[in-house]
Amino acid sequence: MKKFINTPERLTAELLEGMCAAFPKHLKLVKEKLVCRAEDKARDKVAVLSMGGSGHEPLEGFVGPGWLDCFVSGDIFAAPGPHTVMEAMRLLKRDAGVLLITLNHSGDVLSANMAKQMAAMEGIKVKEILTREEIRPTEGEEGRGLGGCVLLYKIVGAAAEKGWTLDEVCRVGEKFNTQMAAIAVLSEIATHPATGGQCGDMGEKEMEICAGQHGEGGGVRMGMMSAKDTAELLAGKVIAKLGLKAGDEIVLAINGSGKATLMELFITFNDAKKFFESRKIRVVGSHVGEMLTVQEAGGYQMLVAKMDDELKALWDAPSRTPFFCS
Amino acid sequence: MKKFINTPERLTAELLEGMCAAFPKHLKLVKEKLVCRAEDKARDKVAVLSMGGSGHEPLEGFVGPGWLDCFVSGDIFAAPGPHTVMEAMRLLKRDAGVLLITLNHSGDVLSANMAKQMAAMEGIKVKEILTREEIRPTEGEEGRGLGGCVLLYKIVGAAAEKGWTLDEVCRVGEKFNTQMAAIAVLSEIATHPATGGQCGDMGEKEMEICAGQHGEGGGVRMGMMSAKDTAELLAGKVIAKLGLKAGDEIVLAINGSGKATLMELFITFNDAKKFFESRKIRVVGSHVGEMLTVQEAGGYQMLVAKMDDELKALWDAPSRTPFFCS
Amino acid sequence: MLTKDMLTAMLKRAAANIAAEHTALSELDAKTGDGDHGVTINRAMTAAVAALDENADKPLVQLLNAIAMKIMMCDGGSTGPLLGSYFMGMAMKAPSDTLSAEETACMFESALNNFSGISRAKPGDKTMMDALVPATAALCESLRGGGSLATAFASAARAAAEGAEATRNYVAKFGRARTMGDRAIGHYDPGAVSISHIFRGFAEASV
Amino acid sequence: MLTKDMLTAMLKRAAANIAAEHTALSELDAKTGDGDHGVTINRAMTAAVAALDENADKPLVQLLNAIAMKIMMCDGGSTGPLLGSYFMGMAMKAPSDTLSAEETACMFESALNNFSGISRAKPGDKTMMDALVPATAALCESLRGGGSLATAFASAARAAAEGAEATRNYVAKFGRARTMGDRAIGHYDPGAVSISHIFRGFAEASV
Ligand SMILES: Nc1ncnc2c1ncn2[C@@H]1O[C@H](COP(=O)(O)OP(=O)(O)O)[C@@H](O)[C@H]1O
Ligand SMILES: Nc1ncnc2c1ncn2[C@@H]1O[C@H](COP(=O)(O)OP(=O)(O)O)[C@@H](O)[C@H]1O
Ligand SMILES: [Mg+2]
Ligand SMILES: [Mg+2]
Ligand SMILES: [Mg+2]
Ligand SMILES: [Mg+2]
């Protein structure tokens with residue numbers, strides 16, 4: 001492992017400090033692990049909160065008007081403890097309520113569940129949306145939460161900003177959540193930046209689809225393919241999963257996993273968009289870039305959500321955050 | 001080389017198409033190689049143009065209100081031909097004039113010079129700023145143009161947007177240009193995405209400072225160091241080069257070269273900022289992310305410019321582009 | 001009779017075992033997970049020891065609650081909330097600083113019970129449960145059958161080790177290995193291995 | 001007498017040589033530059049051949065101008081503008097489709113002259129100039145001394161090859177290798193090597 005870092009113990013603290021220092025007009029760091037808006041949202045609007053381990057930069061930074069109010073960071077690949085999540089809930093506590101977005105990973109779910117119990121005891125009004133939009137190789141398998149959460153942040157962030165009630169924000173968020181899908185392709189495995197260890201290994205000419213985030217290895221291995229063939233393979237699975245048909249409208253985003261160059265991501269987006277359009281599925285919103293990385297993992301996640309007029313209005317609503325220019 | 005690409009011949013065409021398709025509200029592609037604003041700037045304002053080989057994504061995309069009007073892309077690591085630059089000048093031709101920003105690399109300079117000659121013959125009013133802000137190991141050596149151009153785009157883009165004359169835009173641009181410095185550290189060498197070849201090689205525990213962009217190897221090799229030690233070494237050279245002293249104000253940006261994780265970049269920014277502040281040099285503007293990459297090269301560029309009130313106002317001016325949220 | 005001091009010594013010994021094994025545990029996790037279990041379990045056990053030191057003069061129930069809180073304040077991935085609720089469960093059944101054999105058995109059963117509530121995994125699902133369930137059963141059976149603490153914890157440690165060993169043959173139903181299907185077979189569950197190191201520590205400290 | 005057809009054949013042969021060597025040329029560029037010289041020179045020479053084919057029935061002066069334009073329309077890095085101005089310089093001194101020995105010499109001198117104007121490099125600066133200057137000198141000396149075209153181009157090719165060979169000993173003053181200082185010594189300049197392949201092609205086609 002060849003990285004510009006300092007002590008492994010302080011990786012997360014330093015990176016969050018650096019992120020907030022680099023974007024002081026957008027972000028402020030509260031209590032070491034809570035990335036919050038530089039200027040708080042009005043208290044009469046629903047607060048939106050998410051959480052997850054670090055090492056997935058810039059996931060912590062989708063905070064700002066029309067986005068999250070706070071992201072609770074854990075340490076490298078480790079969900080934050082229930083107490084830290086609880087701290088964020090206390091900070092955001094308000095009559096309008098708090099929406100927590102949890103990605104379906106064992107640690108996050110365990111932490112969120114305990115934090116919600118504690119919040120209930122303190123009378124904090126919390127609702128939760130659990131994302132598990134990952135497409136798995138076989139039907140019936142439960143998906144994990146991948147980068148689709150970022151698209152969801154945009155939707156519920158916009159709804160909350162408009163002053164919708166917690167029930168309404170939750171309703172539109174759940175609608176979006178059930179209409180989105182993510183599928184990952186992995187070509188190189190990440191290293192854990194604190195231990196230097198690699199999660200699994202990958203042959204010279206191999207790739208893995210449905211690979212999830214860290215290279216846990218729950219996907220399907222196959223030979224490396226061209227950008228176009230890969231994009232079409234993944235897009236085909238998305239179409240099947242979401243039951244997309246001619247006339248449907250989608251948001252399409254390509255999320256780089258870390259090592260993938262922007263060149264690869266743009267080429268892939270281009271191929272994917274053309275494929276959807278050849279099926280008469282219209283791309284009405286899009287993004288390409290790093291949203292949820294896994295260190296220097298190779299490959300990307302294709303993120304797709306089926307849109308309707310209500311969702312499109314939220315997707316297009318103005319917003320401000322360092323890592324997504326709308 | 002393990003990349004999600006299609007035919008090597010169409011790399012640039014496909015990536016530019018994908019970039020513009022992904023950000024249709026910001027960008028449009030004109031004639032295969034010209035990345036232009038989705039909505040043209042008013043004709044009575046100075047147009048700003050830059051150029052360079054591809055493979056450095058997202059450099060082509062700093063286009064939009066308060067940024068460039070057009071970026072002329074060449075092919076992988078190859079300056080666009082004089083004719084393509086000329087085409088862009090014809091497109092932007094206006095009484096207010098055109099400002100061309102050229103990075104000091106042999107091919108770009110040769111192309112720009114020929115294009116300027118042709119433009120003069122066609123009566124197109126063009127001025128040029130040549131960036132060569134790179135810090136070289138020994139004094140007197142001429143620097144190359146690195147990622148500092150992006151900071152310059154912001155400054156002259158803002159001035160042009162305000163309706164300043166070509167002379168005024170040029171003056172403030174040249175002022176910024178002489179007050180900025182860039183220094184690169186390279187820890188892993190990029191591959192050429194069309195040939196698959198590597199530019200040079202690098203030992204397991206080696207890094208190179210003053211390394212420029214492609215690993216041409218004009219820098220100083222040394223053992224890999226911590227984020228903090230590296231940042232302080234580079235920042236020290238920046239202070240010396242710009243003659244920074246207590247009370248000075250700077251913009252500080254860390255530009256990832258491709259493979260560097262955002263984690264490394266944030267940690268590095270944090271260390272660099274603290275170092276400047278320990279010298280009583282104030283960071284009044286900042287950015288961290290990928291601006292000018294070199295495929296999956298390891299390491300980053302530290303970009304610094306000395307600011308004054310006029311420059312600060314331009315830096316803070318509102319702007320809109322896909323890869324820099326202001 | 002299990003005293004507060006004995007339990008303290010047992011926990012410290014367990015933490016020392018984890019500290020010695022954490023690199024290997026992360027390597028195990030790299031096979032079926034995200035390669036950090038050694039980091040998180042070590043962080044949790046280090047937090048437990050810190051809580052032990054900070055609260056040495058408090059009654060056992062408070063001591064155990066402090067351990068649970070401290071663990072849940074760590075960024076523990078799956079491990080933090082699980083281990084935190086284990087200690088919380090212990091605290092629920094720690095009536096005094098000196099526990100009879102029956103009280104000791106009840107305390108460990110309560111720990112398992114509270115753990116299961118948030119875990120939802122069953123034995124055979126390739127999780128920490130695979131070591132915890134047999135270890136607890138062996139411990140309680142021995143204690144209730146009149147075995148000494150040393151005998152009881154030795155038998156619990158053996159059961160935990162066997163349980164962890166058996167995870168090699170399982171497909172994972174919980175945790176990150178869940179998506180691997182059959183390919184998880186042949187790999188140990190790192191969490192179960194950690195539990196076996198912890199129970200080995202209990203046994204080593206109670207001879 | 002150099003005819004348009006002979007020059008066409010020479011250029012095609014030169015382009016074929018470059019096509020055969022382009023991978024090696026990129027590898028050379030990887031040592032001291034950005035590893036793409038084979039790509040750019042091949043692109044430029046391919047453009048030249050395309051222009052030759054598209055304009056086969058035009059007078060020589062137009063043919064050469066078309067080549068120059070086509071090359072300058074490529075994304076040629078340093079190579080495009082340099083080679084483009086070389087052909088532009090030829091066009092400036094191509095009075096008819098059949099050139100005398102003196103006219104041929106003048107045309108190649110004009111090409112070098114126009115090239116130098118934008119290059120600004122001198123022999124010894126580790127650039128294409130190191131092959132172009134001696135090749136042009138040898139060509140003109142031979143032509144003016146009454147040598148046949150075959151002899152003249154053979155001697156130009158030899159001089160270009162020697163010039164390219166000598167670049168190994170130079171420090172670069174232009175191009176991407178400029179920043180390497182002494183470390184460029186021991187490596188060939190890829191541009192100069194390309195020029196030597198081109199002049200070798202001229203010689204091969206004029207025997
Ligand atoms: N629901 C669960 N019940 C019991 N144990 C679990 C559960 N989920 C995960 N585990 C345990 O957690 C271990 C992984 O812990 P760790 O690596 O710290 O967390 P993460 O998976 O979040 O990275 C697994 O080996 C498994 O034993
Ligand atoms: N000013 C110059 N004069 C003559 N030749 C030059 C000059 N600058 C660069 N070159 C030549 O260009 C070659 C590199 O070409 P190429 O790789 O195509 O361009 P780039 O350096 O832009 O990648 C060098 O080997 C050198 O021979
Ligand atoms: Mg983890
Ligand atoms: Mg080049
Ligand atoms: Mg783990
Ligand atoms: Mg080159």
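Below, each value reflects all heavy atoms present in this structure, side chains not excepted, and no hydrogens, waters or symmetry copies. Lettering follows sequence order; numbering is per chain, from 1.
- Counting heavy-atom pairs closer than 4.5 Å to chain A, the top-ranked of the candidates B:Ala22, B:Ala253, B:Ala272 is B:Ala22.
- Closest heavy-atom contact between B:Leu303 and B:Gly148: CD2-N, 3.6 Å.
- Using a 4.5 Å cut-off on side-chain heavy atoms (C-beta onward), B:Phe323 and B:Val150 make no contact.
- Note: A:Ile183 CD1 to A:Ile209 CD1 = 5.0 Å, rounded to the nearest 0.5 Å.
- Proximity to chain A (any heavy atom under 4.5 Å) is shown, for B:Ile254, by neither the backbone nor the side chain.
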Next item on the list: Given side chain to side chain contact (heavy atoms under 4.5 Å, CB included), test A:Val35 with A:Leu29 step by step and report yes or no.
Entry: CA-CA 5 Å; A:Val35 178; A:Leu29 191 61; 4.1 Å; yes
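- Using a 4.5 Å cut-off between heavy atoms, B:Val283 does not touch chain A at all.
- With chain A as the partner, the residue from B:Leu16, B:Ile5, B:Val288 showing the most heavy-atom pairs under 4.5 Å is B:Ile5.
- For the pair A:Phe275 and A:Ile281, the minimum side-chain heavy-atom distance is 4.5 Å or more.
- The shortest side-chain heavy-atom distance between A:Phe324 and A:Phe62 falls under the 4.5 Å cut-off.
- Between A:Gly52 and A:Phe71 the shortest heavy-atom distance is N-CZ, 3.5 Å.
- Once rounded to the nearest 0.5 Å, the distance linking CE of B:Met263 with CZ of A:Phe4 reads 15.0 Å.
- Taking chain B as the reference chain and counting heavy-atom pairs below 4.5 Å, the highest number among A:Leu11, A:Val185, A:Leu265, A:Leu15 is found for A:Leu15.
- Of the atoms belonging to A:Leu252, not a single heavy atom falls under 4.5 Å from chain B.
- Within the 4.5 Å cutoff, no side-chain heavy atoms of A:Val251 are placed close to those of A:Val304.
- Residue B:Met224 touches chain A through its side chain alone, counting heavy-atom pairs closer than 4.5 Å.
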For chain B against chain A, give me the donor-acceptor pairs closer than 3.5 Å, one per line with atom names and distance.
unit_1: A:Lys2; atom_1: NZ; unit_2: B:Ser187; atom_2: O; d: 2.7
unit_1: A:Lys2; atom_1: NZ; unit_2: B:Gly203; atom_2: O; d: 2.9
unit_1: A:Lys2; atom_1: NZ; unit_2: B:Glu206; atom_2: O; d: 2.8
unit_1: A:Phe4; atom_1: N; unit_2: B:Glu264; atom_2: OE1; d: 2.8
unit_1: A:Ile5; atom_1: O; unit_2: B:Ala227; atom_2: N; d: 3.0
unit_1: A:Asn6; atom_1: OD1; unit_2: B:Ala227; atom_2: N; d: 3.3
unit_1: A:Asn6; atom_1: OD1; unit_2: B:Lys228; atom_2: N; d: 2.9
unit_1: A:Asn6; atom_1: ND2; unit_2: B:Asp271; atom_2: OD2; d: 2.9
unit_1: A:Glu17; atom_1: OE2; unit_2: B:Asn270; atom_2: ND2; d: 3.3
unit_1: A:Glu17; atom_1: OE2; unit_2: B:Lys274; atom_2: NZ; d: 2.5
unit_1: A:Ala22; atom_1: O; unit_2: B:Ser286; atom_2: OG; d: 2.8
unit_1: A:Lys25; atom_1: NZ; unit_2: B:Asp316; atom_2: OD1; d: 2.9
unit_1: A:Ser187; atom_1: O; unit_2: B:Lys2; atom_2: NZ; d: 2.7
unit_1: A:Gly203; atom_1: O; unit_2: B:Lys2; atom_2: NZ; d: 2.9
unit_1: A:Glu206; atom_1: O; unit_2: B:Lys2; atom_2: NZ; d: 2.8
unit_1: A:Ala227; atom_1: N; unit_2: B:Ile5; atom_2: O; d: 3.0
unit_1: A:Ala227; atom_1: N; unit_2: B:Asn6; atom_2: OD1; d: 3.3
unit_1: A:Lys228; atom_1: N; unit_2: B:Asn6; atom_2: OD1; d: 2.9
unit_1: A:Glu264; atom_1: OE1; unit_2: B:Phe4; atom_2: N; d: 2.8
unit_1: A:Asn270; atom_1: ND2; unit_2: B:Glu17; atom_2: OE2; d: 3.4
unit_1: A:Asp271; atom_1: OD2; unit_2: B:Asn6; atom_2: ND2; d: 2.9
unit_1: A:Lys274; atom_1: NZ; unit_2: B:Glu17; atom_2: OE2; d: 2.5
unit_1: A:Ser286; atom_1: OG; unit_2: B:Ala22; atom_2: O; d: 2.8
unit_1: A:Asp316; atom_1: OD1; unit_2: B:Lys25; atom_2: NZ; d: 2.9
unit_1: A:Arg320; atom_1: NH1; unit_2: B:Ser326; atom_2: O; d: 3.2
unit_1: A:Ser326; atom_1: O; unit_2: B:Arg320; atom_2: NH1; d: 3.2

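- Taking every heavy atom of both residues into account, B:Gly53 and B:Pro80 meet most closely at N-CD, 4.3 Å.
- Only the side chain of B:Ile76 has a heavy atom closer than 4.5 Å to any heavy atom of chain A.
- Only the backbone of B:Pro322 comes within contact range of chain A, with heavy atoms under 4.5 Å apart.
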